[in-house]
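Reviewing the structure listed below.
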Amino acid sequence: MPKHLRSYALLFQSLFILPMAQANEWDWVPKESLSETQQATLSQYCRGAYVDNWQVMEGNNTHLLADMIYRDEQGTLYMDGAATLRQPLSQLDADSIKGVPGEYYQAQGDVSLRAQGQLIRSDNAYISSKDGNQTAQFDQAKFLSHSSRIRGEAGEISRTRDGLIFIKEGFYTTCEPGENSWQLYGSSIELNPDSGFGTAKHVQIRIHDVPVFYFPWLRFPLDTRRQSGFLFPSFGISAKRLTLTAPYYLNLAPEYDATITPNLALPIAASDAEDKDKIGQGLDIELRHLSRYGETRYEQSTFYDEGGDEATLRKFTTDQHLTESFAVGAYLEDNPTDNRVPELNNTSIQEEDNYERRGYARYNLGNFSSNVQVRRFQTPDPLEDKPLEWLPRINASYRYANTQYSYQPDVEFTDFYEPDKEGQDGERAVLNQDFNARFGNEWGEVTAGMLHQYRDYQLHDYDLNQDRRASVNHLSYYLDTSVVFERRFNGSWRQTLEPQVSYLYAPYKEQSDIPDFDANEMEMTYAQAFSHRRFSGNDRIGDSEQIALGLESRIYDDNNVNRWTLQGGQVFYLDDRKVGTTGQTGDVVDDSARSAFLTTASYNGDDFTLANHFNYDFDENRVDLAQSALKYTPDSGLVFNLSFSYLHDDNEDEMTKQSSFGTIIPINDNWHFFHQQSYDWIDREQTAQVEGFGYENCCIKTSFSYQRWRDDDGLFDEGVFVQFILRSLSGVGRTNSDIDTIADDYWNQGKVGY
């Protein structure tokens, strides 16, 4: 007799890989009745959970319970009135159960079959438990999987002896009881647990009982095993065209797969001649390979417009960690179609002025790290300046540090190549050595150090068609001091006060014969005031004799969380600066006696954050930099973002003065309104605009928005974007990849588990 109930358990494991139908409140517990631990597993939009209180029995005994139990002369068992047949792995309940142990059981009237985390109910059921012929059939069945929150309903469920499961007139959903936001319905569904996939005929996806998608035939996975087949399509619509993509997934082997995505753009209204290149068809291909060392990926997007002109983009990436210390990789982009780009493109490669191609090998061991990299570019537009290339770049660094001493040497060699053969290129060898000694305790410290920078160049000048050599050897000295004062207030709150003084002496070195391959002057901020280098890159060694004064205060709450950070400081120059990123060195490039006054203030709250940077030049009586960013996200679901950025430049065309505002406002428990706008105060125009609505519950999320933005050509574009996700099923729609929007914030916020 134990065999037949084990058969029931096997049936359940097969059934509940997939569908479940419109359920009543079986095992449903409202959120307010759940424990705190159970409530923590729910998203903010779920009103309760299915709780399975059924327990697996110990031992192998079979338990029979009914108002009346008897066996006739032929060995048939009869159980009438609240009949229960229970085994360790499952339990069968019905008004009456009839059967021959080891052969079959037939249950009628309020039938329920329960296993761990799974439940099925029906009007009547027939189960064959013969060895080699274990079949089952349930009529007017309703079923539930507690862990996946899938519930469903079917006119008939049957299982053949070879394990195939057939469902007639069935549908399933993950929506809560009383909700029918979405359902997947099939007139005939066949499930094959052995192969891990199912097929369905006349499939409908219903939103609030309204069919919105129809598929004559659909193949879908039943478990985590990958299966080839169509993924859900995406579409977009505008005043002039309709776009449709239909990705197809190919499970080629356990270690590699592919996705092929046909794209179609159809005209809706008469198009202007310049819009003809936006109508046509294309194909995206993505190939992936995963080894025990890493991942390799190839992507290609091709589009043919109405005139037959081709636009193609391609990308190949690989990253292989051959050992814990050694890795190699490559990143190759390509545009082979004369600077034309696909109008429809679902790959990760986008339009660029220069398409990068690089390969690298990296070795790290303890405090030692090294890297070899080759970097080249494809520039499809012949009018564009081509970037410098590395053929190759080799660098290595090591760091030794203890409580008192620190030594960090960095070595780099780069062979620069100028593809346009204008100006100059050549080889550069770099050695940077930073040595310092620290003396201090818990209330203060003094650090004295020396920075050695050496450069050696073997250069070729294309304009003069001659080779030459240049070098520079430089020593800088610095002394950094800081003191920490601390007080407690308001109980366990703590405030620090940290004055710091830094002296830097970097004498001037003639560098007029040194080219500028990668040097940039760093933006002056509070942190940069205490830096020992004026330039990024390795082609300029900044000269400066300066004293930097700063005062920093941090406030910690009683949980030792840093709430406030306040900083203020200024650099006082003892000599003029004579090294810039362009032109001859030796002439004074900056004779100011002091920097702007540099301040930062930031607050980190539980639902409110604020960051401010403000630099004021008292000599010129002007603001050099003003940046502010505020974000407010209380538990109510409100999101409020506000930012402003101002950066002064003597060249008005390079000046920045922009603001951005975005908010997500809850209308009720499920509906949200979101808005965003960005404004350029110099050009006095709005550069981005987003308005929309979103709806979300425990099983569906959707948003509708209007967006207007400036494209890469400086022209304004606009569109309407619709997106929705059916939890545990799929998503449909199209997002805007051209700008970061508050609509994306809405879509990604919340604990919805999509």
Side-chain angles (χ1 to χ4, degrees), residues 236-241 243 268-269 271-272 274-275 277-278 341 343-345 350-353 523 608-615 622-634 637-667 671-695 702-723 733-749:
I237 187 170
S238 67
K240 294 184 178 181
R241 67 174 187 171
T243 61
I268 294 179
S271 301
D272 298 331
E274 58 268 21
D275 294 327
D277 60 347
K278 298 183 179 181
V341 296
E343 182 60 30
L344 293 180
N345 177 11
Q350 303 296 325
E351 180 180 7
E352 300 173 19
D353 291 334
E523 191 69 42
F608 177 83
T609 59
L610 176 67
N612 294 284
H613 301 272
F614 186 83
N615 297 351
R622 71 170 185 235
V623 175
D624 278 355
L625 180 147
Q627 295 175 335
S628 182
L630 178 152
K631 186 167 187 177
Y632 179 55
T633 55
L638 174 71
V639 174
F640 183 91
N641 296 329
L642 181 64
S643 65
F644 175 80
S645 179
Y646 171 81
L647 184 62
H648 173 79
D649 197 289
D650 293 333
N651 183 353
E652 291 188 1
D653 293 336
E654 300 297 328
M655 191 175 294
T656 299
K657 191 177 182 181
Q658 298 175 341
S659 64
S660 178
F661 166 73
T663 184
I664 302 173
I665 301 175
I667 301 174
W671 282 94
H672 292 76
F673 167 77
F674 47 85
H675 169 80
Q676 175 182 324
Q677 63 182 37
S678 299
Y679 191 81
D680 190 313
W681 292 90
I682 296 178
D683 295 335
R684 296 189 178 277
E685 64 179 6
Q686 191 167 268
T687 57
Q689 177 185 355
V690 177
E691 279 94 20
F693 290 91
Y695 174 83
T702 183
S703 66
F704 175 88
S705 64
Y706 165 79
Q707 301 181 26
R708 183 175 183 267
W709 68 96
R710 188 187 291 276
D711 62 20
D712 294 335
D713 297 325
L715 304 176
F716 282 100
D717 201 353
E718 59 184 356
V720 174
F721 296 85
V722 180
Q723 188 176 20
R734 187 178 291 276
T735 60
N736 186 359
S737 60
D738 295 285
I739 56 173
D740 294 327
T741 69
I742 199 73
D744 298 326
D745 291 344
Y746 164 76
W747 198 255
N748 294 317
Q749 74 167 347

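Keep in mind the model is a prediction, meaning the values are calculated, not measured.
- Between the side chains of N612 and S628, at least one donor N or O lies within less than 3.5 Å of an accepting N or O.
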- Going through the distances and angles, do L625 and H613 end up as a side-chain contact (heavy atoms from CB on, under 4.5 Å)? CA-CA 7 Å; L625 180 147; H613 301 272; 3.7 Å; yes
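- For the pair D680 (side chain) and D683 (backbone), a donor-acceptor distance under 3.5 Å is present.
- For the residue pair S659 and W681, a side-chain donor N or O sits within less than 3.5 Å of a side-chain acceptor on the partner.
- Aromatic ring orientation, H675 versus F673: parallel (interplanar angle below 30°, classes split at 30° and 60°).
- For the side chain to side chain contact (heavy atoms under 4.5 Å, CB included) with L638, the qualifying choice from T663, T633, I664 is T663, the only one to do so.
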One pair to check against side-chain hydrogen bond (donor to acceptor under 3.5 Å, both in side chains): Q689 and E691. What are the steps and the verdict? CA-CA 7 Å; Q689 177 185 355; E691 279 94 20; 3.0 Å; yes
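- Considering every non-hydrogen atom in both S660 and S678, the closest pair reads OG-OG, 3.4 Å.
- The ring of F693 has its center no closer than 6.0 angstrom to the ring center of F674.
- Looking at T609 and Y632, their side chains never come closer than 4.5 Å, going by heavy atoms from C-beta outward.
- Ring geometry for Y695 versus W671: interplanar angle of 30 to 60°, hence tilted.
- In this structure, Q686 and R708 approach most closely via the heavy-atom pair O-NH1, 4.1 Å.
- Y646 places a side-chain heavy atom less than 4.5 Å from the side chain of M655.
- Looking only at atom types and distance, the side chain of Y706 has a donor-acceptor partner in the side chain of E718 under 3.5 Å away.
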